[in-house]
Amino acid sequence: MRRRTVTAGSLEEILQATAPAPTPAPAAPTAPAAGAPVRREEHALRTEFEFELPRGYVDEAGTLHRHGSMRLATARDELRPQIDLRVKENPAYLSVVLLSQVITRLGTVTDVHAGVVERMYATDVAFLQDFYRRVNSEGHTRAAVTCPHCEGGFEVDLSGGRLGES
């Protein structure tokens with residue numbers, strides 16, 4: 001097997017060359033026959049997840065942004081950071097680049113780029129890294145926890161507010 005060095009320009013070419021061919025548009029749906037059951041899509045894939053940051057991102061104007069949304073990552077999202085020069089120089093920067101690609105909104109900020117993630121508090125970046133892992137590996141935002149007092153187990157949804165807040 002021959003190894004090939006991939007540059008930013010050639011990655012786009014490779015991704016375009018290996019992209020699946022577009023499928024023809026489906027024919028217009030026909031009305032179901034009388035008495036036939038109507039099929040509903042029961043298990044729609046959830047691709048975007050809301051979250052609330054523990055501390056919050058403070059923009060240049062001093063506005064605090066805590067609520068946001070993250071979409072599911074694609075293979076392209078995970079490949080792109082591998083060719084980023086910042087990641088090549090410092091592998092720890094991978095999570096900054098990756099998070100900036102999948103966060104779709106942070107409060108009123110819709111252009112979330114690496115500079116925004118760089119200016120977040122470490123607590124929030126750690127939260128987002130765990131949130132990313134849960135959403136993309138486990139498919140949900142719930143975490144199993146144990147009460148330190150009664151040692152009872154229960155689940156907490158990480159996308160909601162902090163414990164004890166409404």
Side-chain angles (χ1 to χ4, degrees), residues 6-16 19-20 40-166:
V6 179
T7 63
S10 65
L11 176 62
E12 288 300 322
E13 293 167 11
I14 292 169
L15 291 172
Q16 288 173 357
R40 291 186 186 170
E41 194 173 317
E42 293 179 21
H43 300 287
L45 178 62
R46 184 174 173 197
T47 60
E48 194 145 324
F49 298 83
E50 299 288 320
F51 62 82
E52 183 176 343
L53 294 175
R55 300 250 186 255
Y57 166 69
V58 180
D59 64 15
E60 294 84 15
T63 307
L64 179 68
H65 305 276
R66 289 188 59 206
H67 298 279
S69 62
M70 179 185 292
R71 66 173 173 78
L72 286 176
T74 63
R76 178 178 278 188
D77 293 326
E78 296 209 353
L79 288 172
R80 275 207 172 133
Q82 300 299 325
I83 60 168
D84 191 299
L85 294 176
R86 298 168 295 187
V87 175
K88 286 183 177 181
E89 290 174 8
N90 181 4
Y93 201 75
L94 183 132
S95 64
V96 171
V97 174
L98 188 56
L99 288 173
S100 70
Q101 293 182 150
V102 297
I103 297 172
T104 57
R105 179 184 53 79
L106 188 56
T108 57
V109 179
T110 55
D111 180 25
V112 180
H113 50 82
V116 170
V117 178
E118 285 176 353
R119 290 189 302 269
M120 288 183 177
Y121 294 110
T123 307
D124 291 334
V125 173
F127 169 84
L128 289 168
Q129 288 170 331
D130 185 54
F131 193 74
Y132 174 92
R133 183 187 56 77
R134 287 183 184 283
V135 165
N136 288 286
S137 298
E138 300 170 14
H140 60 79
T141 59
R142 297 179 308 276
V145 296
T146 304
C147 175
H149 299 290
C150 70
E151 297 188 16
F154 58 97
E155 283 189 343
V156 174
D157 189 350
L158 295 176
S159 64
R162 293 185 283 188
L163 288 175
E165 291 184 354
S166 4

Rounded distance [0.5 Å steps], [atom1] in [X] versus [atom2] in [Y]:
X    : Y    : atom1 : atom2 : answer
E52  : F131 : CD    : CZ    : 11.0 Å
I103 : Q101 : CD1   : CD    : 11.0 Å
R55  : L64  : CZ    : CG    : 11.5 Å
L98  : L79  : CG    : CG    : 10.5 Å

Treating [X] as the side-chain partner and [Y] as the backbone partner, does any N or O pair qualify as donor plus acceptor under 3.5 Å?
X    : Y   : answer
R66  : L53 : yes
D124 : G56 : yes
T63  : D59 : no

Taking all non-hydrogen atoms of both residues, which atom of [X] and which atom of [Y] are closest, and how far apart?
X    : Y    : result
Y57  : R119 : OH-NH2, 3.0 Å
V116 : D111 : CG2-O, 4.0 Å
N136 : A73  : OD1-N, 2.8 Å
P81  : V87  : O-CB, 3.3 Å
S100 : A114 : CB-N, 3.4 Å

Q: Begin from the C-alpha positions of R71 and V102 and carry the test side chain to side chain contact (heavy atoms under 4.5 Å, CB included) through to its verdict.
A: CA-CA 5 Å; R71 66 173 173 78; V102 297; 4.3 Å; yes
Q) Can you name the residues that form a side chain to side chain contact (heavy atoms under 4.5 Å, CB included) with S69, not counting sequence neighbours? A)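 For S69, the residues satisfying side chain to side chain contact (heavy atoms under 4.5 Å, CB included) (neighbours in sequence not counted) are E48, E50, T104, R105.
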Q: Given side chain to side chain contact (heavy atoms under 4.5 Å, CB included), test R86 with V96 step by step and report yes or no.
A: CA-CA 10 Å; R86 298 168 295 187; V96 171; over 6 Å; no
Q) Taking side chain as C-beta onward, heavy atoms only, is M120 less than 4.5 Å from L99? A)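 M120 vs L99: side chains apart.
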Q. Any salt bridge between R80 and D84, counting N to O under 4.0 Å?
A.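 Answer for the salt bridge query: no.
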